[in-house]
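Working notes, beginning with the structure itself.
Predicted model only: the values in this text are computed from it and were never measured.
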Amino acid sequence: MLKNYFLVAVRTLRRNIGYTTLNVIGLALGITCSLLLFLVISFELSFDTFHRKADRTYRINIDSDDQNGHHQSAGTPLPMYAALKSALPELNPITHMHEEEGGTFALLSSDTTQTLQKFREEGSVMFIDSAFFDLFDFETGGVNVKQALRDPNSILLTESIAKKYFPDGNAVGKVLRMNNTVNLQVKGIIPDAPANTDIPYIMLVAYEASNTINSLFRSDNWNSTSSSEQIYFATAPGASAKQAEDRINEIADRYRQRRPGEKERFTLQPLANLHFNEGYSNYNDRTVGVQTLWALAVIGAFLVIIACINFVNMATAQAMRRAKEVGMRKVLGASRSQLVVQFLSETGLITLAALLVSVVLTELLLPYLNQLLDLSITFSVLENKEVALFLAAVLLLVTFFAGLYPALILSGFKPISALKSKVATARTAGLSLRRALVVLQFTICQVLIICTIVVHDQMEFFRTASLGFDKEAIVTVPIPSASAHKLMPLRQQLEAHAGVSATTFAMSPPSANVTMNMSFNYDDYSIERNFNVNFRFADENYLKTFNIPLIAGRMYQKSDTIQEFVVNETFLKQVGEKSPEAALGKKMVVNGGQNEGRIVGVVKDYHVGSLRETIDPVVMSTWAYFYYNLNAKIEMKDAKAAIAHLQKVWSSAYPDDVFYYEFLDDTIAEFYASEQRQADLFKIFSVIAILIGCLGLYGLVSFMVTQRTKEVGVRKVLGASSLSIVGLFSKDFTVLVLIAFVMAAPISYYFMEQWLQDFNYRIAIGYWVFLAAGAVTLLIALTTVSVQALRAAFSNPVTALKTE
C-alpha cells in the first residue's frame with residue numbers, strides 16, 4: 001500500500017511539473033531561511049556551554065547608582081582577587097585575568113635582541129594565572145599550561161598565531177617582544193580559542209607580565225578599577241550564589257570608599273549570561289540580546305508559515321483539476337482516510353525535495369551569512385544532531401500543516417459532484433480560508449517591509465547626524481603606550497606636508513568606546529561630587545583639529561600634566577552652574593587630590609559615545625601619559641601621500657613598532673555594526689517574504705481563474721475588455737492587501753517603537769513609512785495578479801465556454 005501511495009504521488013507530481021516546481025521553490029526558500037536562522041540561534045546559544053562548570057561559574061561585576069544614573073561594569077578593584085582568594089576559599093577555582101587588546105609583537109633572534117620581524121595584532125591577549133584552566137575547559141593540545149606559564153615572562157601561542165609568526169613550525173623557545181616593553185618566551189602551542197566563547201584569546205601570557213605591560217593598573221588601590229581586569233570563580237555544587245555575593249560585598253565594604261550618597265554593590269553574573277547581557281559586555285565585544293534571538297526565531301517561523309500558506313493555496317488551486325480523480329477513486333472504493341494519506345504523501349515528497357534543496361542552498365549561502373554577521377558557523381547534517389533533528393521536525397510539521405487542509409478538502413469531495421466537476425470549497429464567515437491566508441501572508445510581508453524601512457532610516461540617521469565635531473578626513477594612528485613624548489616634538493614635521501592640515505595627540509578621538517572616571521572636587525573642596533565624569537586627556541590642538549566649538553573662555557595651555565580644564569555643557573548642568581561664564585576660573589581637584597587646576601573654557605556638548613547613549617559630563621585636560629593616539633586631519637584629494645608621510649614620521653619615532661591607521665568615520669560606524677547587520681537581515685528577509693508571497697498569490701489567482709473560466713468567457717463574448725477582466729481579479733486582492741495593511745501597521749509600529757527605545761537619539765516613525773510599505777506591497781501584489789489575469793483575459797472565449 002505504501003509503495004502504491006509513493007508511486008502514485010510521484011506520477012502525479014511529474015504530471016503537474018509546474019505546480020510541483022513552484023511548491024518546491026516556495027518551501028525551499030522558507031526552509032532555507034529558517035535553517036540559516038536556526039544555525040545562528042544555535043550558535044549564539046552555545047557560547048561557553050562546553051565548560052563543565054559553566055552552570056556554576058560567575059563573573060564579578062559592579063552595579064552603582066548616583067545622580068548621573070545607573071552604571072554597570074565588569075571591572076573589579078585590583079586587590080580584590082587576593083582578598084577573596086584568602087578570605088573565601090569556598091570560591092574554588094577562582095581566577096583573574098587581564099586583557100590587552102592586541103599590540104605589537106617583534107620576533108627576536110635567539111642569541112641577540114635584534115628584531116627579525118614585526119606583527120600587529122588586534123585580538124585579545126590574555127594575562128592569566130594557573131587557575132584559568134582549572135575553571136575553564138579550553139583545549140590545551142597536550143600542553144602542561146601550569147608548568148608552561150610558571151615563568152613570569154612566558155607566553156602560549158594559539159595555532160593560528162604560531163603559524164603566522166613561525167611558518168616553519170619551530171616556535172617553542174623563541175622570544176617575542178610585546179609592545180616594545182617586555183620579552184616573552186614561547187613555552188607552547190595551544191589550539192585556537194573556539195568561536196563560541198566570550199573569552200576569545202589569541203595568546204596567553206603569565207599574569208605577572210601584565211605589571212610590566214601596563215603598570216598603571218597594578219596597584220593596591222581598592223577604588224581603582226578597569227573593565228579589562230576581571231574575576232571569575234565557581235561555586236561548590238549546590239551552593240548559593242546569593243550567599244557568595246553577600247560575602248564578597250562584606251569584604252569589599254571593609255576596603256572600598258564610596259562617595260556620599262553613592263549606592264554600589266558587587267553582583268554575580270552567570271557565565272551563560274555574558275553573551276546576552278548588553279549592560280556589561282564581554283571580552284568578545286559581542287552581546288546578543290535575548291529579544292534579538294526571539295526576533296530571529298519569529299522571523300524564521302513566519303517565513304516557513306508563508307511557504308506553507310503558499311502550498312495550501314497552490315494545492316487548493318489544483319483541487320478543481322483533480323476533482324474527477326477523487327470522484328473516480330471513491331467510486332472504486334477508496335476511503336477518505338486513504339485519500340488523505342495519498343495527498344499527504346504527495347506533500348511529504350514535495351517537502352522532502354524542498355528540504356534537500358534547502359540543504360544545498362544552506363551550504364552555498366552560509367559563508368555569505370558568516371561574512372555578513374561576522375560569525376563562524378559550521379554546517380553538517382550528519383555530524384550535528386541538533387540540525388538533523390531540526391530538519392526532521394521541519395519535514396514532519398510542514399508536511400502535516402501544509403498538506404492536511406488540502407488533503408481534507410480534496411478527500412471530502414462527493415463522488416457524484418466530483419465526477420460532474422460541481423465542487424466547492426468551504427468558506428468561513430464569508431471569507432475563504434485561502435484569502436485569509438493571503439491576508440496573513442501579506443501582513444507578515446508588510447511588517448517586514450515597515451521594519452526594514454525604519455531600521456534603514458535609523459541607520460541613515462546614525463550616519464548623517466551631527467556629533468558636535470568634525471569626523472570627516474580624520475586619521476587615527478595608535479601610539480605605543482606612555483610614549484607620546486617621542487612624537488610630540490615632531491609635530492612641525494608632521495604638519496609640514498601639504499596634505500596634513502592639523503594634528504593632535506589624545507587619549508582618544510571625541511567619540512570612542514573609551515571611558516575614564518575619576519573622583520573630583522569642584523569649587524568647594526570639601527564636597528566630592530556624586531556623579532561620574534568622563535575625563536578626556538588631549539593636547540592643546542584637540543579642539544582645533546576636531547572643530548569642537550568653544551562657547552566660553554579659551555582652550556587650555558600646552559602642558560604634559562594636568563594644569564587647566566575645559567568642560568562641556570552637561571558638566572555645568574550637573575554641578576549647577578547657570579551659565580558657562582560662571583564656571584570660568586573655578587577650581588577643580590582630581591585624581592584623589594593629586595592634581596588641581598582651574599576651568600578656563602567651556603565647549604558645546606558633543607557625543608562622546610554612540611547615539612544610543614546620552615551625552616556624558618566631560619572634563620578635558622592635558623596629561624601626556626594618556627596620549628594613546630595621534631589624530632591627523634588630512635586633505636582627501638592627497639590622502640595617499642599624506643598617510644605615507646604620517647607613516648614615515650611615525651616610523652622614525654617608533655622603529656620597533658608597526659604603523660597602523662584608521663579613519664574616524666569608519667571607527668564610529670563600528671558603533672552600529674550590530675544594528676547594521678539587523679538592517680541587512682531585514683532587507684534580505686523582506687525580499688524573500690515578498691517572493692514567497694508572490695508565489696502564493698499566483699496559486700490563489702490560478703484557483704480563481706479555474707473557478708471563473710466560464711464567467712470570463714461570457715464576459716468576453718458580451719464585449720468586456722481585457723483591462724476590465726484584469727480589474728475584476730485585481731479588485732479582490734486590493735481589498736486583501738488593504739486588510740493586511742490595517743493589521744500590519746499597528747503591529748510593526750509597536751515593535752519598532754520598542755526597538756527604538758534603546759536609542760537616546762532616534763528618528764520619529766512617520767506615517768509615510770506605512771504608506772510606502774502599503775504602496776509597495778500593493779504594487780507587487782497587483783503585478784503578480786495581473787500576469788495570471790491577463791492570461792485569462794487573452795484566452796479564447798469559445799474554449800472557456802466549452803470548459804466543464
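Using a 3.5 Å distance cut-off with no hydrogens or angles, the side chains of N61 and R59 do pair a donor with an acceptor. No donor-acceptor contact under 3.5 angstrom links the side chains of N760 and R762, judged on distance only. Remark: the T504 side chain and the N631 side chain contain no N/O donor-acceptor pair separated by less than 3.5 Å. No hydrogens or angles considered: a donor-acceptor pair under 3.5 Å links the side chains of T667 and E662. A donor-acceptor pair shorter than 3.5 Å cannot be found between the side chains of N179 and T104.
Judged by distance alone, with hydrogens and angles left aside, the side-chain atoms of S511 form a donor-acceptor pair with the main-chain N or O of G609 at under 3.5 Å. At least one donor-acceptor pair closer than 3.5 Å links the side chain of T158 to the backbone N or O of I202. Listed for the N629 side chain is no donor-acceptor partner under 3.5 Å among the backbone atoms of P509.
For Y761 and H607, the distance between ring centers is under 6.0 angstrom. For F136 and Y232, the gap between ring centers is short of 6.0 Å. Between F461 and F759, a ring centre-to-centre spacing not shorter than 6.0 Å is recorded. In summary, the aromatic rings of H51 and F138 are positioned with their centroids under 6.0 Å apart.
Looking at every heavy atom in both residues, D151 comes nearest to A206 through O-CB, 3.4 Å.
Considering only heavy atoms from C-beta on, Y625 stays 4.5 Å or farther from T561 through its side chain. In this structure, the side chains of Y672 and Q458 stay at 4.5 Å or more apart for every pair of heavy atoms.
For Q243, the CD atom is loosely surrounded, since the number of other residues' heavy atoms within 6.0 Å does not exceed 12.
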### Message
Under the criterion salt bridge (Lys or Arg N to Asp or Glu O under 4.0 Å), I'd like the reasoning laid out for D246 against R265: C-alpha separation, chi angles, the key distance, then a yes or no.
### Response
CA-CA 9 Å; D246 292 339; R265 182 173 178 82; 2.5 Å; yes
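A perpendicular orientation is assigned to the rings of F626 and W623, their planes being inclined by more than 60° (bins at 30° and 60°). Using a 30° and 60° split on the angle between ring planes, H275 and F47 fall in the parallel class, below 30°. In this pair, Y606 and F469 present their aromatic rings perpendicular. The plane angle is above 60°, beyond the 30 to 60° band.
A salt bridge between K53 and D137 is absent, with no side-chain N of the basic residue lying under 4.0 Å from a carboxylate O of the acidic one. Salt bridge annotation for E208-R150: absent, with no cationic side-chain nitrogen under 4.0 angstrom from a carboxylate oxygen.
Of the options L204, L149, L184, a side-chain contact (heavy atoms from CB on, under 4.5 Å) to S154 is made by L149 and by none of the others.
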